[in-house]
Number of protein chains: 2
Amino acid sequence: MQKNSEFIDKLRTSGLRPTRQRLKICELLFNRDKTFHFTINDLARNISEKLNEKISLATIYNTVHAFKKKGYLKEITINSDKSYFDTNITNHHHFYDEDTNQLIDCNNNEIGKVKIKNNITGKKINSVEVLVRVASDIQNQN
Amino acid sequence: MQKNSEFIDKLRTSGLRPTRQRLKICELLFNRDKTFHFTINDLARNISEKLNEKISLATIYNTVHAFKKKGYLKEITINSDKSYFDTNITNHHHFYDEDTNQLIDCNNNEIGKVKIKNNITGKKINSVEVLVRVASDIQNQN
DNA sequence: GTCTAATTTATAATGGTTCTAAACTAATGT
DNA sequence: ACATTAGTTTAGAACCATTATAAATTAGAC
Ligand SMILES: [Mn+2]
Ligand SMILES: [Mn+2]
Ligand SMILES: [Zn+2]
Ligand SMILES: [Zn+2]
């Protein structure tokens with residue numbers, strides 16, 4: 001629910017030039033009611049479907065990584081061959097539905113606070129992430 | 001701390017033929033005091049260093065995946081470009097040291113039990129994994 | 001030993017990601 | 001407005017971890 005001029009400011013204050021391509025990607029990613037998860041592939045498909053202007057794949061990679069670096073996106077890794085980006089940049093945990101390959105945010109009340117009793121000496125905790133893998137109750141015999 | 005005949009039994013009862021290659025890999029992975037984490041690359045290097053017999057890379061992949069499927073290994077995904085295998089197949093959590101790229105097991109007393117208050121309806125929880133990313137306390141200004 | 005299906009192997013193919021270097025463009029200054 | 005420069009985009013090549021292929025080998029059964 002942001003508008004173009006806000007994205008321009010946001011990019012400028014991040015030291016990123018508000019190019020046509022970046023603004024388009026901002027609209028697709030952040031001009032929404034709800035946060036969501038996407039793969040680079042999802043985004044590329046989205047762009048070629050919804051936009052009548054082409055954005056090169058290299059630019060899509062560049063932009064997503066730039067946005068991640070600036071903290072506008074988080075990366076969630078499920079397995080080696082599935083990496084999602086998350087427009088929800090708050091600390092939160094995930095359910096991963098192994099039947100549908102869907103990544104679902106946990107509400108704060110769904111998973112209790114993780115208590116870390118002993119951290120590694122001399123190290124700072126950067127993040128604590130819980131991934132709950134779920135699958136259909138019945139046919140669970142692959 | 002197992003011996004060859006035990007590996008043969010283990011493989012046979014899993015429906016895997018105890019081939020020379022699989023037994024060598026069993027020795028490298030399971031004939032130890034402590035469990036550990038490794039990448040395919042680590043294992044391949046280990047094999048070519050410690051063994052005077054070559055095992056093809058395809059076989060290494062095949063074997064690791066077969067062992068994972070049978071539940072003798074777990075896969076831990078850190079980011080899209082780093083996947084570790086774990087000979088500790090019990091439920092446990094991890095610290096990941098972003099300075100040294102080391103994956104470290106949490107003892108059960110280091111992280112409290114994760115409380116999942118609401119699961120997704122009709123789904124069964126397959127695993128609950130916590131990953132705590134840590135880094136040096138000081139120079140944390142990339 | 002013979003037979004058969006499982007396994008190993010070298011090598012090719014795949015595919016997602018990164019690199020390259022040339023073309024383009026946003027920003028700044030005059 | 002124009003010139004200059006650094007940042008950005010782009011197509012395509014390169015990269016590289018993983019998977020597929022298909023032929024050779026081997027384990028287990030008879
Ligand atoms: Mn990345
Ligand atoms: Mn895998
Ligand atoms: Zn999320
Ligand atoms: Zn572990």
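Convention: sequence-line order gives letters A, B, ...; per-chain numbering from 1.
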(request) Could you encode protein contacts along nucleotides 6-14 of chain C as a string, one character per nucleotide from 5' to 3', using B for base contact, S for sugar-phosphate-only contact and - for no contact, with a heavy-atom cut-off of under 4.0 Å? (result) SSSBB----

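Between B:Glu110 and A:Lys117 there is no salt bridge, since none of the side-chain N atoms of the basic residue sits less than 4.0 Å from a carboxylate O of the acidic one. With respect to the salt-bridge test (charged N to carboxylate O, under 4.0 angstrom), the residues B:Asp99 and A:Lys123 qualify.
Scored by the side chain to side chain contact (heavy atoms under 4.5 Å, CB included) test, A:Asp9 finds no partners at all (sequence neighbours excluded). Take B:Lys50 and apply the side chain to side chain contact (heavy atoms under 4.5 Å, CB included) test, not counting sequence neighbours, and it matches B:Leu28, B:Asn46.
Atom CZ of B:Phe85 and atom P of D:dA17 are 14 Å apart (whole Å). Rounded to whole Å, atom C1' of D:dA20 lies 17 Å from atom CD1 of B:Ile60. If you measure from atom CD1 of A:Ile47 to atom P of D:dT10, you get 10 Å, rounded to the nearest angstrom. D:dA17 atom C1' lies 13 Å from atom CD of B:Glu75, rounded to whole Å. When the P atom of D:dA17 is taken as reference, atom NZ of A:Lys82 falls 21 Å away, rounded to whole Å. At whole-Å resolution of the value, CG in B:Asp81 and C1' in C:dG15 are 16 Å apart. Look at OH on B:Tyr84: it is 12 Å from P on D:dT18, rounded to the nearest Å. Spacing between atom OH of A:Tyr61 and atom P of D:dA11 amounts to 15 Å, rounded to whole angstrom units.
Of the N and O atoms on the side chains of A:Gln21 and A:Asn62, not one donor lies less than 3.5 Å from an acceptor on the other residue.
At least one test fails for B:Lys74 against the ring of B:Phe85: distance under 6.0 Å to the centre or angle within 45° of the axis.
A close approach under 4.0 Å does occur between a side-chain nitrogen or oxygen of A:His65 and OP1 or OP2 of C:dT18.
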